[in-house]
There are 4 protein chains.
Amino acid sequence: MTKREQVLETTLNLITDLGFHATPMALIIKKSNVAAGTIYHHFKNKEDLIDTLYSELKAEMGKAIIQGINEELIYKEKFFRIWKNLFLFFLNNPKKFEFLEHYAHSPLIRKEIKQVSKSYYRPAIDFIESGIKLGILRELPVDISINLIFGNISTFVRMILLEEIVFNEELLEKTIQSSWDSIKTN
Amino acid sequence: MTKREQVLETTLNLITDLGFHATPMALIIKKSNVAAGTIYHHFKNKEDLIDTLYSELKAEMGKAIIQGINEELIYKEKFFRIWKNLFLFFLNNPKKFEFLEHYAHSPLIRKEIKQVSKSYYRPAIDFIESGIKLGILRELPVDISINLIFGNISTFVRMILLEEIVFNEELLEKTIQSSWDSIKTN
Amino acid sequence: MTKREQVLETTLNLITDLGFHATPMALIIKKSNVAAGTIYHHFKNKEDLIDTLYSELKAEMGKAIIQGINEELIYKEKFFRIWKNLFLFFLNNPKKFEFLEHYAHSPLIRKEIKQVSKSYYRPAIDFIESGIKLGILRELPVDISINLIFGNISTFVRMILLEEIVFNEELLEKTIQSSWDSIKTN
Amino acid sequence: MTKREQVLETTLNLITDLGFHATPMALIIKKSNVAAGTIYHHFKNKEDLIDTLYSELKAEMGKAIIQGINEELIYKEKFFRIWKNLFLFFLNNPKKFEFLEHYAHSPLIRKEIKQVSKSYYRPAIDFIESGIKLGILRELPVDISINLIFGNISTFVRMILLEEIVFNEELLEKTIQSSWDSIKTN
DNA sequence: CATGAATGAGGTTTCATTCAT
DNA sequence: GATGAATGAAACCTCATTCAT
């Protein structure tokens with residue numbers, strides 16, 4: 001593990017645990033066993049460190065979403081697959097989930113970075129658009145559909161992580177179904 | 001307007017615009033026309049100020065939710081009413097919306113405060129529970145249903161505020177419908 | 001007990017327990033059940049409060065020193081009496097002892113106040129001077145003798161209060177004797 | 001001279017001149033030609049700075065006490081030597097004297113620090129104990145004898161520094177003698 | 001690439017004091 | 001005499017960042 005990676009991982013852990021405002025560089029330096037100068041060798045400044053972290057996590061998430069999707073599946077199967085992909089990525093990476101959720105709408109991440117990061121889930125957008133064209137999905141603005149789905153997944157994940165519900169396959173299917181019912185045509 | 005109210009209002013505006021870490025007390029002091037000591041007379045420290053703000057806004061939101069609900073309405077009408085109540089509260093109070101959304105899952109707000117604040121939407125929880133008992137809503141954990149609905153509303157509001165979609169009555173009805181379809185029994 | 005007395009007593013207790021720097025007016029106000037303004041009605045400011053306390057305690061100490069001294073006693077008996085008087089005053093008033101000891105040489109108490117307070121143990125000074133004239137005490141500067149005696153008493157008291165030694169009559173006599181041996185002529 | 005040493009020396013001077021509460025960190029920073037952060041790099045906070053200063057001065061004093069003591073000297077000569085060593089250390093280092101005296105019994109210095117500092121004059125304690133065993137000194141608790149001697153020295157030094165007496169060899173001998181007479185057997 | 005002592009602007013908070021009631 | 005909300009200067013300390021090694 002390189003120093004650079006150590007820093008990014010430590011930052012992720014600290015920021016999700018304590019929040020940005022309670023995570024000074026000094027703490028990141030201490031917990032990642034790195035010298036102050038080393039961080040500034042790899043990242044321009046604190047903002048750049050956060051932006052980089054956000055950006056890399058978004059890319060990782062983008063990759064996770066499309067795993068196992070192939071053209072043999074029918075539309076609804078693809079939808080279920082994507083939903084589960086994202087769900088599992090979040091569930092298995094709770095810190096990354098926390099971070100991405102929290103800073104998605106924060107003034108802390110520069111808009112430019114958010115814009116670039118959006119490209120990572122271009123495939124998801126395309127998928128929704130095609131669904132509408134095919135008449136499988138309702139005529140809602142794509143971003144609404146996208147956000148409805150993402151929102152549902154993140155709510156579901158959060159509740160499992162906070163142990164407000166106990167996960168089981170049946171509940172998972174019901175929840176995906178409830179997502180599907182909210183976007184499919186009747 | 002008391003000094004205390006001045007401080008809370010200014011804090012809400014500044015924090016939503018700039019973020020917590022970019023809102024120094026000095027700025028709150030200046031913009032609320034109050035002396036430094038006065039803030040610390042009313043609030044223990046910066047954290048307590050934020051906690052108080054969060055708590056009071058949650059209470060206000062709780063009141064907004066149940067307006068106009070009476071026993072003459074049928075279940076689905078009540079649901080639509082509640083959905084619109086919350087939607088309008090957020091849309092008409094964008095700063096409050098921003099703040100509540102952003103700090104809902106932040107380590108900044110003490111867990112104790114979050115717990116207390118939860119009581120403010122007790123009526124909503126009761127409403128969902130009764131819907132399930134009556135067989136109108138699916139057998140999903142109440143908190144999931146609640147969060148699905150809240151999540152949908154907030155996604156919808158955010159997109160209107162960010163001007164990613166243009167609001168109209170038809171779209172509103174479609175969106176509520178998509179929420180309703182995700183929780184109602186088939 | 002008047003409000004003024006409440007304030008003085010609370011101040012004595014807090015300052016000896018916490019030190020001057022850790023005893024803000026706000027704490028004195030709280031612990032003495034008095035309003036901020038009330039203190040400033042009785043004392044010009046914080047310095048005046050401390051000065052007054054010091055001054056009144058010195059006066060009280062002055063009175064204690066000369067109790068039971070009458071002309072029927074021989075010189076050495078008077079010395080033992082005075083020594084015990086001061087010893088008992090300190091032992092029975094540990095907070096007053098602490099305070100007087102600590103602020104005796106502190107830049108906190110205005111020199112003017114110290115000067116005035118000195119007059120309270122004029123009788124002790126006269127007593128030493130007469131001892132030297134009578135040839136009973138050594139030819140040492142009066143202030144040295146005075147301070148040697150006071151120093152010994154305070155050391156003795158402090159050790160009892162800190163439970164570094166256990167008090168008994170025999171030890172008391174030995175200690176006074178050691179004081180007497182250090183100033184009497186051979 | 002390191003930055004750390006600069007800070008300690010400046011602190012000693014300022015605190016003895018003005019007192020703790022009248023010596024803001026800003027003044028220490030200015031007078032020691034150091035940046036604010038530099039102090040906090042070396043010391044945890046203001047209290048730690050004072051504690052460290054106290055501790056280091058005690059150690060220095062401990063070293064001074066035992067200079068020139070060797071086994072060829074008889075007991076009384078050693079006593080006179082030790083007395084003079086401490087006397088001279090205080091007289092030649094008036095600021096250190098002031099500081100050590102003033103904070104010896106102050107709640108400002110943490111008890112833990114005081115405990116550790118006590119070890120620095122272990123040799124003096126051993127010396128007194130051996131004197132009692134040899135029958136040269138009275139059967140008084142060691143700490144009493146120690147404190148009586150220290151008390152006398154400090155009273156003497158203080159009076160010279162305050163110019164309440166004029167120092168000369170004869171007076172010095174008389175004062176040591178008065179100390180000796182208070183602890184030796186008759 | 002890596003280090004960590006040093007920086008100093010600016011952060012949060014304290015605190016003696018006032019004054020209208 | 002007594003109250004306590006309000007004041008704002010100044011206190012302590014933090015923190016992102018630099019730079020000589």
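Below, chain A is the first sequence line, B the second, and so on; all start at residue 1.
Of the candidate nucleotides E:dT12, E:dT14, E:dT17, E:dT14 has the atom nearest to the side chain of B:Ala36. Of the candidate nucleotides E:dT12, F:dT18, E:dT3, E:dT12 has the atom nearest to the side chain of B:Pro24. Proximity note for A:Ala35 (side chain, C-beta onward) versus E:dG4, E:dG8, F:dG8: the nearest is E:dG4.
The cationic group of B:Lys46 does not satisfy the cation-pi geometry with B:Tyr40, failing either the under 6.0 Å distance to the six-membered ring centre or the 45° limit from the ring axis.
Side-chain contact check for D:Thr23 versus D:Thr11: every heavy-atom pair is 4.5 Å or farther apart.
Atom CG in B:Asn45 sits about 17 Å away from atom P in E:dG11, given to the nearest Å. Look at CD1 on C:Ile29: it is 14 Å from P on F:dA2, rounded to the nearest Å. Going from atom CD of B:Glu5 over to atom C1' of F:dA5 covers 15 Å, rounded to whole Å. Here E:dG10 presents its C1' atom at 16 Å from CG of B:Leu18, a figure rounded to the nearest Å. Atom NZ in D:Lys30 sits roughly 14 Å away from atom P in E:dA9 (whole-Å rounding). In this structure, C:Ile28 places its CD1 atom 11 Å from P of E:dT17, rounding to the nearest Å. Atom CG of C:Leu108 is separated from atom P of E:dA16 by 12 Å (rounded to the nearest Å). Following rounding to the nearest Å, B:Asp48 (CG) and E:dT13 (P) show an atom-to-atom distance of 10 Å.
Classification of the B:Phe90-B:Phe97 ring pair by plane angle, with boundaries at 30° and 60°, yields tilted. Ring geometry for A:Phe99 against A:Tyr54 counts as tilted: the plane angle lies between 30° and 60°, on a 0 to 90° scale.
For E:dT3, the OP1/OP2 oxygens have a side-chain nitrogen or oxygen of A:Thr38 closer than 4.0 Å. In this structure, D:Tyr40 does not reach the F:dT14 phosphate: none of its side-chain N or O atoms is under 4.0 Å from OP1 or OP2. The phosphate of E:dA2 has OP1 or OP2 within less than 4.0 Å of a side-chain N or O from A:His42. In this model, the phosphate group of F:dT7 is approached by a side-chain N or O of B:Lys3 to a distance below 4.0 Å at OP1 or OP2. Here B:His41 does not reach the OP1 or OP2 of E:dT14: none of its side-chain N or O atoms lies under 4.0 Å away.
Each of A:Ile39 and D:Asn33 has a nearest nucleotide on DNA chain E; the 5'-most of these lies closest to A:Ile39. Mapping A:Ala26 and D:Glu47 onto DNA chain F via the closest heavy atom, the residue that lands nearer the 5' end is D:Glu47.
Using atom P as the reference point in both F:dT21 and E:dC1, the two lie 23 Å apart (nearest Å).
Nucleotide E:dG10 is matched to F:dC13 when pairs are restricted to Watson-Crick or G-U wobble geometry with both distances under 3.5 angstrom. E:dA20 is paired with F:dT3 under the Watson-Crick or G-U wobble criterion, all donor-acceptor distances under 3.5 Å.
Between A:Glu56 and A:Arg4 there is a salt bridge, since a side-chain N of the basic residue sits under 4.0 Å from a carboxylate O of the acidic one. Salt bridge absent: C:Glu9 and C:Lys95 never bring a charged side-chain N and a carboxylate O closer than 4.0 Å.
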